Engineer: 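Encoded as structure tokens, here's the structure I'll be asking about.
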Amino acid sequence: MNIRYYADFFDVLVADCREAAEIWGKECTPYSRRAYVKAVFSFIDGNTYRLNQLWLDCHQAGVFALTKLQINKLHGYKFGENGRKLPLKSSILDSVKLSFSVPSKARGIDNPLNTIGNEWCIFKEAVRIRNRLTHPKSVNDLEVSLDEIKIIESACDFYRQSTRALMQSLVGI
């Protein structure tokens with residue numbers, strides 16, 4: 001279990017988001033806007049993956065116990081009706097929820113990821129923007145408005161603050 005590695009990884013990804021934001025703020029080109037959205041979701045995707053690996057490491061080290069189902073989900077698979085191992089095709093929203101719920105349940109703490117409030121709705125809208133950019137079907141899909149940039153910024157802040165709150169509540173690990 002390497003908390004320092006996780007923290008360094010988090011810091012690099014957050015720094016990438018800041019730098020991409022500075023670039024689009026100066027240049028405000030269609031490319032710089034798309035690059036910012038991609039940097040934010042590299043942070044969210046990468047951090048979510050690293051969190052899941054951290055929880056598996058915590059389980060392995062005996063810091064907290066996970067259920068077999070949680071372990072399987074963190075590894076990215078499930079078992080079919082016939083008992084065969086199948087890849088778990090979960091959305092980014094499901095992956096983010098999992099990375100927060102697993103340690104919260106294991107440690108008996110409140111989950112800092114509020115999936116009921118307005119911030120979660122904004123996060124879901126940011127995911128739709130990301131999906132549109134990642135899988136464009138037309139030139140219009142590649143446009144990112146300033147209003148959409150604000151959504152992406154809010155989603156990034158929400159995710160970063162939720163992650164920090166989670167890690168602070170788990171300081172004992």
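We number each residue from 1, following the sequence as shown. Just so it is clear, the structure is predicted and the values come from calculations on it, not from any experiment. Every heavy atom of this structure was used, including side-chain atoms; hydrogens, water molecules and symmetry mates were not.
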Engineer: Go through the side-chain N and O atoms of Ser32 and Thr29 and say whether any donor and acceptor fall under 3.5 Å apart.
Structural biologist: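 Thr29 and Ser32 do have a side-chain donor-acceptor pair below 3.5 Å.
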Engineer: If you count every heavy atom of other residues, nucleotides or ligands that lies below 6.0 Å from Tyr77 atom OH, does the total exceed 12?
Structural biologist: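 Check passes, neighbour count above 12.
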Engineer: Show the nearest heavy-atom pair for residues Ser104 and Asn111, with the distance to one decimal.
Structural biologist: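 Where Ser104 meets Asn111 most closely, the heavy atoms are OG-CA, 3.4 Å.
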Engineer: Would you name the heavy atoms of Leu66 and His59 that are closest together and state the gap between them?
Structural biologist: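 The answer is N-ND1, 3.0 Å.
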Engineer: According to the interplanar angle, ranging from 0 to 90°, do the rings of Tyr6 and Phe10 count as parallel (below 30°), tilted (30 to 60°) or perpendicular (above 60°)?
Structural biologist: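 The rings of Tyr6 and Phe10 sit tilted, inter-plane angle from 30° to 60°.
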Engineer: Is a donor on one side and an acceptor on the other found under 3.5 Å between the side chain of Lys89 and the backbone of Pro87?
Structural biologist: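 No, Lys89 side chain to Pro87 backbone: no donor-acceptor pair under 3.5 Å.
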Engineer: For a quick test of reading the model, state the closest non-hydrogen atom pair linking Asn114 to Trp120 and the distance between them.
Structural biologist: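 Closest pair (atom of Asn114, atom of Trp120, distance): O-CB, 3.4 Å.
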Engineer: Mind checking the SG-CG spacing from Cys28 to Leu146? Nearest 0.5 Å is all I need.
Structural biologist: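 Cys28 SG to Leu146 CG: 5.0 Å, rounded to 0.5 Å.
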Engineer: Work out which heavy atom in Asn140 is nearest to a heavy atom in Arg132; give both atom names and the distance.
Structural biologist: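 Smallest heavy-atom distance, with atoms named: O-NE, 4.4 Å.
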Engineer: Kindly indicate, with the supporting measurements, whether the criterion side chain to side chain contact (heavy atoms under 4.5 Å, CB included) is fulfilled by Glu153 and Val40.
Structural biologist: CA-CA 8 Å; Glu153 287 176 328; Val40 166; over 6 Å; no
Engineer: Under the side chain to side chain contact (heavy atoms under 4.5 Å, CB included) criterion, do Val14 and Val12 qualify, and how do the steps go?
Structural biologist: CA-CA 6 Å; Val14 169; Val12 167; over 6 Å; no
Engineer: If you count every heavy atom of other residues, nucleotides or ligands that lies below 6.0 Å from Gln60 atom CD, does the total exceed 12?
Structural biologist: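 No - once you tally the heavy atoms of other residues, nucleotides and ligands closer than 6.0 Å, there are 12 at most.
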Engineer: Taking atom types as modelled, find out whether Ser95 and Thr48 have a side-chain donor-acceptor pair closer than 3.5 angstrom.
Structural biologist: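 Looking only at side-chain atoms, Thr48 and Ser95 do not form any donor-acceptor pair under 3.5 Å.
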Engineer: Salt bridge or not for Arg130 and Glu148, using N-O below 4.0 Å?
Structural biologist: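 Not counted as a salt bridge, because no side-chain N and carboxylate O are separated by less than 4.0 Å.
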Engineer: Not counting sequence neighbours, which residues clear ring-ring contact (aromatic ring centres under 6.0 Å, His included) with Phe41? List them please.
Structural biologist: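 None.
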Engineer: CD1 of Ile122 to CD1 of Ile152: how many Å apart, nearest 0.5 Å?
Structural biologist: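 That separation rounds to 11.0 Å.
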Engineer: Between Trp24 and Val37, does the side chain to side chain contact (heavy atoms under 4.5 Å, CB included) criterion hold? Intermediate values first, please.
Structural biologist: CA-CA 10 Å; Trp24 85 255; Val37 174; over 6 Å; no
Engineer: Does Phe9 belong to the same Ile/Leu/Val/Met/Phe/Trp/Tyr cluster as Met167, with side-chain heavy atoms less than 4.5 Å apart forming each link?
Structural biologist: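 Cluster IDs for Phe9 and Met167 match.
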Engineer: Are Lys150 and Asp147 close enough, and set up right, to give a side chain to side chain contact (heavy atoms under 4.5 Å, CB included), and what steps lead you there?
Structural biologist: CA-CA 5 Å; Lys150 290 177 186 174; Asp147 287 340; 4.3 Å; yes
Engineer: Take atom CG of Asp110 as the centre, draw a 6.0 Å sphere, and report whether it contains more than 12 heavy atoms from other residues, nucleotides or ligands.
Structural biologist: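 Count not over threshold, so no.
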Engineer: Checking Asp141 side chain against Ser138 main chain: does a donor-acceptor pair fall under 3.5 Å?
Structural biologist: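 The answer is yes, because a donor-acceptor pair under 3.5 Å joins these two groups.
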Engineer: Measuring from atom OG1 of Thr67 to atom CG of Asn72, what distance do you get when rounded to the nearest 0.5 angstrom?
Structural biologist: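 Here the rounded value is 8.0 Å.
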Engineer: Is it true that Arg128 and Glu125 have a side-chain N and a carboxylate O under 4.0 angstrom from each other?
Structural biologist: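 Salt bridge: yes.
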Engineer: Can you name the nearest heavy-atom pair linking Cys17 to Phe43, along with the distance?
Structural biologist: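 Where Cys17 meets Phe43 most closely, the heavy atoms are SG-CB, 3.6 Å.
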Engineer: Between CG of Leu74 and CG of Leu56, what distance do you get to the nearest 0.5 Å?
Structural biologist: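 These two atoms lie 4.5 Å from each other.
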Engineer: How long is the straight-line distance from CG of Asp45 back to CD1 of Ile92, given to the nearest 0.5 Å?
Structural biologist: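 Between atom CD1 of Ile92 and atom CG of Asp45 there are 4.0 Å.
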Engineer: For Phe158, does its backbone N or O pair with a side-chain atom of Gln161 as donor and acceptor, under 3.5 Å?
Structural biologist: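 Flag not set: sc Gln161 to bb Phe158 has no pair under 3.5 Å.
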Engineer: Does a side chain donor of either Tyr159 or Asn47 reach within less than 3.5 Å of an acceptor in the other side chain?
Structural biologist: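 Yes, a side-chain donor-acceptor pair sits under 3.5 Å.
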Engineer: If we count only N and O atoms by modelled type, under 3.5 Å, do the side chains of Tyr49 and Ser99 hold a donor and an acceptor together?
Structural biologist: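 No, no side-chain donor-acceptor contact under 3.5 Å.
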Engineer: How many angstroms lie between atom CD1 of Ile129 and atom OG of Ser145, to the nearest 0.5 angstrom?
Structural biologist: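 OG of Ser145 is found 7.0 Å from CD1 of Ile129.
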Engineer: What heavy-atom pair brings Phe123 and Val96 nearest, and what distance separates the two atoms?
Structural biologist: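 So the two residues come closest at CZ-CG2, 4.2 Å.
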